[in-house]
Amino acid sequence: MGSILSVVRPIVLAEPHLTESARRYLGECLDTNYVSSVGPFVGRFETAFAKTVGARRAVACASGTAAIHVAMRLLGVGAGDEVWVSSLTFVGSVNPILYQGATPVFVDSESVTWNMDPAIVDAALADRKARGIKMPKVIEVVHLLGHPADMKAFSGISERYGVPIIEDAAEALGARYDDGRFPGSIAKIGCHSFNGNKIITSGGGGMIVTNDESLGDRAKHLTMQAKLPGEAYWHDEVGYNYRLTNIAAALGLSQLESLDTFVEKKRALAARYDKAFANVPWIELPPRAAWAKPTFWLYTIRLKPGAPLERDGLMKHLASQGIQSRPIWTPLPRMEIYRGFPRVGGNVSDQIFETALSLPSSVGLTEEDQARVIDVVKAAGG
Ligand SMILES: *Cc1c(COP(=O)(O)O)cnc(C)c1O
C-alpha cells in the first residue's frame, strides 16, 4: 500500500481552481498598492455578485460566518429569541445565533434533499400558534451540499406565521430552482461563503444579499465598524470589522467570472459518478428534487442498508489508495456545546450522517483521476 502512495498523486476532496484573470486582478492590486480595504475590487465584486444572483444588493464580508452574523443583527436577533436551523449543517450556520445570545432550535432533515424539513417546521409552528406560544425570531434555511432547500414551502411558512427567513447558501452558489432563481436570493436575506473549499473562493470571504436597499445599507455599515461618514470617527452603534480586502475581492471577482464554467464542470463530474454508480446496488446517488438544479458542490453518496462495508470502512479504504473523502457534517446536537438546545423532528439527519460520504469533487478533477476514484469505490464492495 505504501508503495502505491509514493507513486500515485493523492486525490483531494475539493481544491480551488484558479484562472488566468486571478493573476491579472491580483497584479492590479499590487501595482496600485491597494492591498487592503481601499480599492475598486470590493465594489466591483459586490455589483457583479448582485447581478449574478439577481438581487438588488450584495455586501461583501470577511467570511460566510460573518455574513450570517450580520444577517442576525439586521433582523434584530438577540437574547430571548429563538432561531430555527438545520441540525445537519456546518457550525458556521449556528455560531452567529449564539454570538447574539439567542437560542438555536435544531430541526431535523427531510430525506429528499437532506435539508431542513418544512413539514416539521410547519406542524410545530401551527401547534405554537394554536397555543399562543412565542414564534421564532428567524428561520435559517441552509442549502446543503449545493442542493437547494424547498424555499417554496419555507416562503409559505414565513408568510403564514410572520417569521422572516435567512438563507445560508454558503454551499449552494450556482444552484437554481426550476424557475431559474438562485438559492440565497429568495428570502429577506441570503448569505454566501468564499472559503477555499466552496465553489468559488476569495481566499476567505462572504456576501450578504438582499432586495431591501435599507437592509443593504445597514449591512455595509455594520461590516465597517458602524462608522459615520466624515473625519470624526463617530460610530452610532456597535459594529464589526468584517470588511473584505481589495485583494480578496479581486480573487473573488476573478472566480465569479468562471462560476458558470465551474457549475458545468461539477455537473459533468456528477453525471460521470452517477453513471458509474447507477447499477451498484449498495450505493444511493445524491439527493435531487424534481424542482431543483443542484451544483453537486460535494458529490455525496449514501451507503444503503446491507452494503458490504460501512462509511468509515469505505473512507479508510479510499485513504489507503491516496483518495480523500469526508463524512457529511456531524449533526450539531451530538456535540457537547450544542447538546442542551431544543430539537424538533426525528433522526433523519443522524441516519444521513451515519451513511453519507463525499467523494472528490474539485472543479479541476481530471477524468482519469475520477475514473480511479470510481474504480476504488467499486472495488471496495468486493
Ligand atoms: C462554509 C459554510 C459557512 C461559513 O462560511 P465561512 O466562510 O467558512 O465562514 C456557513 N454555512 C455553511 C453551510 C457552510 O458550508
Side-chain angles (χ1 to χ4, degrees), residues 14 16 37 42 45-46 49 53 58-78 81 83-106 115-116 137-146 149 164-173 183-184 187-210 215-216 218-226 238-245 248-249 251-252 255 297-298 326 328-333 335 337-338 341:
S37 50
V42 173
F45 187 29
E46 289 175 335
F49 196 89
V53 302
V59 174
C61 286
S63 71
T65 309
I68 295 168
H69 187 199
V70 170
M72 296 289 158
R73 277 288 299 271
L74 292 176
L75 296 184
V77 171
D81 292 328
V83 176
W84 288 33
V85 64
S86 299
S87 52
L88 187 62
T89 186
F90 176 60
V91 72
S93 307
V94 173
N95 279 343
I97 302 167
L98 295 165
Y99 299 162
Q100 286 306 106
T103 302
V105 174
F106 291 108
N115 290 305
M116 187 198 275
K137 187 82 172 177
V138 166
I139 299 169
E140 183 184 351
V141 177
V142 183
H143 304 278
L144 206 62
L145 302 175
I165 291 175
I166 293 172
E167 288 178 79
D168 176 352
E171 301 178 7
L173 179 62
K188 206 167 185 73
I189 304 173
C191 299
H192 292 267
S193 164
F194 313 120
N195 188 42
N197 61 348
K198 299 287 154 67
I199 194 160
I200 68 166
T201 185
S202 60
M207 197 74 84
I208 301 165
V209 301
T210 180
L215 282 182
R218 177 132 191 274
K220 192 77 188 167
H221 189 58
L222 283 170
T223 62
M224 301 174 71
Q225 303 279 29
V238 178
Y240 313 95
N241 180 6
Y242 278 171
R243 290 169 305 184
L244 192 69
T245 64
L251 183 55
Q255 292 264 288
W297 167 60
L298 292 181
R326 201 175 68 185
I328 199 170
W329 312 115
T330 302
L332 292 166
M335 298 170 207
I337 45 176
Y338 306 107
F341 296 110

Exercise. Measuring from Tyr240:OH to His69:NE2, what's the distance to the nearest 0.5 Å?
Worked result: 3.5 Å

Problem set entry | Under the side chain to side chain contact (heavy atoms under 4.5 Å, CB included) test, residues paired with Ser37 that sit two or more places apart | Arg243

For this session: Please name the pair of heavy atoms, one in Gly196 and one in Pro16, separated by the smallest distance, quoted to 0.1 Å.
Result: O-CG, 3.5 Å

For this session: Evaluate the side chain to side chain contact (heavy atoms under 4.5 Å, CB included) criterion for residues Val53 and Leu173: first the C-alpha distance (whole Å), next the side-chain angles of each, then the deciding distance (0.1 Å), finally the verdict.
Result: CA-CA 8 Å; Val53 302; Leu173 179 62; 3.9 Å; yes

Problem set entry | Partners passing side-chain hydrogen bond (donor to acceptor under 3.5 Å, both in side chains) against Glu171 (at least two apart in sequence or in another chain) | Trp329

For this session: Search all heavy atoms of Ala248 against all heavy atoms of Gly204 and return the closest pair with its distance.
Result: CB-O, 4.1 Å

For this session: From the options Val138, Leu75, Val141, select the one residue that forms a side-chain contact (heavy atoms from CB on, under 4.5 Å) with Ile165.
Result: Val141

For this session: Could you grab the distance from atom CG of Asn95 to atom CZ of Phe90, nearest 0.5 Å is fine?
Result: 8.5 Å

Problem set entry | Side-chain (Glu140) to main-chain (Val85) donor-acceptor, under 3.5 angstrom | no

Exercise. Distance from Ile208 atom CD1 to Arg73 atom CZ, nearest 0.5 Å?
Worked result: 11.5 Å

Exercise. Can you name the side chain to side chain contact (heavy atoms under 4.5 Å, CB included) partners of Ala249, sequence neighbours left out?
Worked result: Phe41, Val42, Phe45, Leu244

Exercise. In Å and rounded to the nearest 0.5 Å, what is the CG to CD1 distance from Asp168 to Ile68?
Worked result: 3.5 Å

Problem set entry | Lys220: salt bridge (charged side-chain N to carboxylate O under 4.0 Å, His left out) partners, not counting sequence neighbours | Glu46

For this session: Applying side chain to side chain contact (heavy atoms under 4.5 Å, CB included), name anything that partners Thr223, two or more places apart in sequence or on another chain.
Result: Val59, Cys61, Val70, Tyr242

Seminar exercise, completed: Closest heavy-atom pair, Leu88 versus Pro331, reported as atoms and distance to 0.1 Å, is CD1-CG, 4.1 Å

For this session: Please report the closest heavy-atom contact between Leu222 and Val238, naming both atoms and the distance.
Result: CD2-O, 3.9 Å

For this session: Please name all residues satisfying side-chain hydrogen bond (donor to acceptor under 3.5 Å, both in side chains) with Thr245, sequence neighbours left out, ordered by chain then number.
Result: none

Seminar exercise, completed: Thr89 meets the side-chain hydrogen bond (donor to acceptor under 3.5 Å, both in side chains) criterion, sequence neighbours left out, with Ser93

Exercise. After noting the C-alpha distance and the side-chain angles of Gln100 and Asp81, does the key distance pass the side chain to side chain contact (heavy atoms under 4.5 Å, CB included) rule?
Worked result: CA-CA 9 Å; Gln100 286 306 106; Asp81 292 328; over 6 Å; no

Problem set entry | For Ala14, side chain to side chain contact (heavy atoms under 4.5 Å, CB included) partners two or more places apart | Leu298, Ser362

Problem set entry | side-chain hydrogen bond (donor to acceptor under 3.5 Å, both in side chains) involving Arg218 - partner list, sequence neighbours excluded | Glu237

Exercise. Are the side chains of Leu98 and Pro104 in touch, meaning some heavy atoms are under 4.5 Å apart?
Worked result: yes

Exercise. Going by heavy atoms in the side chains, are Ile328 and Leu144 under 4.5 Å from each other?
Worked result: yes

Exercise. Hey, what do you get for CD1 (Ile97) to CZ (Phe341), rounding to the nearest 0.5 Å?
Worked result: 9.0 Å

For this session: Could you tell me which non-hydrogen atom of Ser87 sits nearest to which non-hydrogen atom of Pro333, and how far apart they are?
Result: CB-CD, 3.7 Å

Seminar exercise, completed: For Val209 and Gly184, the nearest pair of non-hydrogen atoms, with its separation, is CG2-O, 3.0 Å

Name the atoms and distances for all side-chain donor-acceptor pairs under 3.5 Å in residues 188-195, with sequence neighbours left out.
| from | atom 1 | to | atom 2 | distance (Å) |
| --- | --- | --- | --- | --- |
| Ser193 | OG | Asn195 | N | 3.2 |
| Ser193 | OG | Lys198 | NZ | 3.4 |
| Asn195 | ND2 | Asn197 | OD1 | 3.0 |

